[in-house]
Protein chains: 2
Amino acid sequence: MALSHAILVCLTERPMSGYDLAKFFDTSIAFFWKATHPQIYRELKKLGGQGYVTSAEEVQSGKPNRFVYSITDAGKQALKDWSREPVALPLIKDDLLVRLQAIEYVDKDALREQIRARLAAHREQLGQYHHIRDVRFSDGKPAPEDLGKLMGLELGIQYEQGWIAWCEGVLQRLEGT
Amino acid sequence: MALSHAILVCLTERPMSGYDLAKFFDTSIAFFWKATHPQIYRELKKLGGQGYVTSAEEVQSGKPNRFVYSITDAGKQALKDWSREPVALPLIKDDLLVRLQAIEYVDKDALREQIRARLAAHREQLGQYHHIRDVRFSDGKPAPEDLGKLMGLELGIQYEQGWIAWCEGVLQRLEGT
DNA sequence: AGCATATATGTGTCAATGCACATATGAATT
DNA sequence: AATTCATATGTGCATTGACACATATATGCT
């Protein structure tokens, strides 16, 4: 169970509603985890039951009321306990690479198109990372609490650059085959 | 549903039993997908029901009999159909990166230790990839049916090298914090 | 004699995930 | 006037995945 911890991590940044969290998971720092809103709402209730978060109803006019969740001291302790558990190696799990293994059995035109689309997606993602880095970490020395976020961002940048280079090479070698 | 396709891809290489497939998924080319043996056995039965694989019982003395599965023409067609479907962007989904986001709330000694362990794991994996490349693709020009496997391998090598460099940089910056 | 290991195939179960659907409101667009 | 969009929260269901447990046999180790 790691979604619960990912949510707790998000809530260390600031209190958020389920709706906020869903957007946060969609766009922001959480490139390395994803969740749909039903998952998040369910998980928030579970976390509330465990005492790791508290919720406060925020009355709004015009829009439906929000339930804003904050991490509790018990939640922070749970994060620290979790942080001592060993982490698993993430695996790649990519349809594209599976298809490449059976290159003689797939539709090569479709494959080339998929790689081109993938390349575009990685370039787009890289652009987003660069943008975040520029607006958030433009000055040389990040605050200590931001260091981890910067390093995560740097991993993302390197990761996308690696994929981009690989896609370009693959496309060249697939030309005319 | 992609495990079924990953299995079909494996069976294009050679007919295999469930046991073989489980080992294949554990060690060999399938770095980018994983499956446990109960999953594989169940999936094989489903694939048999769909007519995508056929099984032949192989009588063995001493050991239990094996059921060796082969991909059928219908299975090859299913692979081709699947290869035309768009692929999703894989996401990273890494506990370690989640923890980095909340660096002020985690146990830093544990984190450093986890990164060191991760670094060792990536080096180990890189060694395996290099080994496979050397024994299987030592001569310059791979056969057309192996080109995809080589490119997958190259992605794996680049991927591991990227992680290794990142881990080393992170460990340096985390020293003394 | 007992135990671990490798081969080989399964069942049963629960957690995690994903996706469609459901509901409510106000603002902006067509 | 009708539709779409953004805000906001949920339920229900099917699939996927992970993991413990179950069974059977032969070999090799202690």
Side-chain angles (χ1 to χ4, degrees), chain A residues 1-8 15-27 30 32-50 53 55-69 82 85-95 98, chain B residues 1-8 15-27 30 32-50 53 55-69 82 85-95 98:
Chain A
M1 195 196 303
L3 174 59
S4 58
H5 297 109
I7 289 176
L8 288 178
M16 283 190 248
S17 69
Y19 190 81
D20 292 336
L21 278 164
K23 277 196 300 179
F24 199 72
F25 267 83
D26 226 46
T27 59
F32 33 75
W33 212 273
K34 89 167 181 184
T36 57
H37 74 267
Q39 264 177 290
I40 290 167
Y41 286 116
R42 266 191 271 251
E43 201 64 46
L44 281 171
K45 287 201 171 155
K46 212 186 290 178
L47 287 169
Q50 291 169 310
V53 298
S55 64
E57 189 169 3
E58 198 175 276
V59 179
Q60 302 194 127
S61 63
K63 299 167 203 168
N65 291 347
R66 302 155 40 88
F67 293 87
V68 178
Y69 290 85
W82 166 70
E85 286 170 26
V87 283
L89 252 188
L91 18 72
I92 304 183
K93 205 168 201 186
D94 187 344
D95 271 48
V98 174
Chain B
M1 196 196 303
L3 174 58
S4 58
H5 297 110
I7 288 175
L8 288 177
M16 282 191 250
S17 68
Y19 191 80
D20 292 336
L21 279 164
K23 277 197 300 182
F24 200 71
F25 267 83
D26 225 47
T27 60
F32 31 76
W33 212 273
K34 87 168 182 183
T36 57
H37 74 268
Q39 264 177 291
I40 290 168
Y41 286 117
R42 267 190 270 247
E43 201 64 45
L44 281 171
K45 286 199 171 155
K46 213 186 288 178
L47 287 169
Q50 291 169 309
V53 298
S55 64
E57 189 169 2
E58 198 176 274
V59 180
Q60 302 194 128
S61 63
K63 298 167 203 167
N65 291 347
R66 300 154 42 88
F67 293 87
V68 178
Y69 290 84
W82 167 69
E85 287 171 26
V87 284
L89 253 187
L91 18 72
I92 304 183
K93 206 169 199 185
D94 189 344
D95 271 45
V98 174

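Just so it is clear: chains get the letters A, B, ... in the order the sequence lines come, proteins before strands, and each one is counted from 1.
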In whole angstrom, give the distance that lies between atom [atom1] of [X] and atom [atom2] of [N].
| X | N | atom1 | atom2 | result |
| --- | --- | --- | --- | --- |
| A:Q39 | C:dA16 | CD | P | 10 Å |
| B:E58 | C:dT7 | CD | P | 14 Å |
| A:I40 | C:dC19 | CD1 | P | 14 Å |
| B:E43 | C:dT11 | CD | P | 14 Å |
| B:D26 | D:dC19 | CG | P | 13 Å |
| B:L44 | C:dA8 | CG | P | 14 Å |
| B:H5 | D:dT15 | NE2 | C1' | 15 Å |
| B:I7 | D:dG17 | CD1 | C1' | 13 Å |

Can you tell me how far the [atom1] atom of [X] sits from the [atom2] atom of [Y], to the nearest 0.5 Å?
| X | Y | atom1 | atom2 | result |
| --- | --- | --- | --- | --- |
| A:Y41 | A:T36 | OH | OG1 | 11.0 Å |
| B:E43 | B:K46 | CD | NZ | 4.5 Å |
| A:L91 | B:K93 | CG | NZ | 10.5 Å |

**Study point:** Shortest non-hydrogen contact from B:G48 toward B:V53
**Key:**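 Taking B:G48 first and B:V53 second, the nearest heavy atoms are N-CG2, 3.5 Å.
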Practice item. Determine: side-chain N/O of B:K93 to OP1/OP2 of C:dT17, distance under 4.0 Å, yes or no. Key: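 Yes, B:K93 has a side-chain N/O under 4.0 Å of OP1/OP2 on C:dT17.
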Review point. Sub-3.5 Å donor-acceptor pair from the side chain of B:D20 to the main-chain atoms of B:S17, do we have one?
Key: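 It does hold such a pair.
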Check your understanding: Going 5' to 3' along nucleotides 5-12 of chain D, which nucleotides have protein heavy atoms under 4.0 Å from the base (write B), which only from the sugar-phosphate (write S), and which from neither (write -)?
Key -> -SBBBBBB
Exercise for review: Output all residues satisfying side chain to side chain contact (heavy atoms under 4.5 Å, CB included) with B:V87, sequence neighbours left out; order by chain, then residue number.
Suggested key: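 Side chain to side chain contact (heavy atoms under 4.5 Å, CB included) check on B:V87 returns A:D95, A:L96, A:R99, A:Q114, A:R118.
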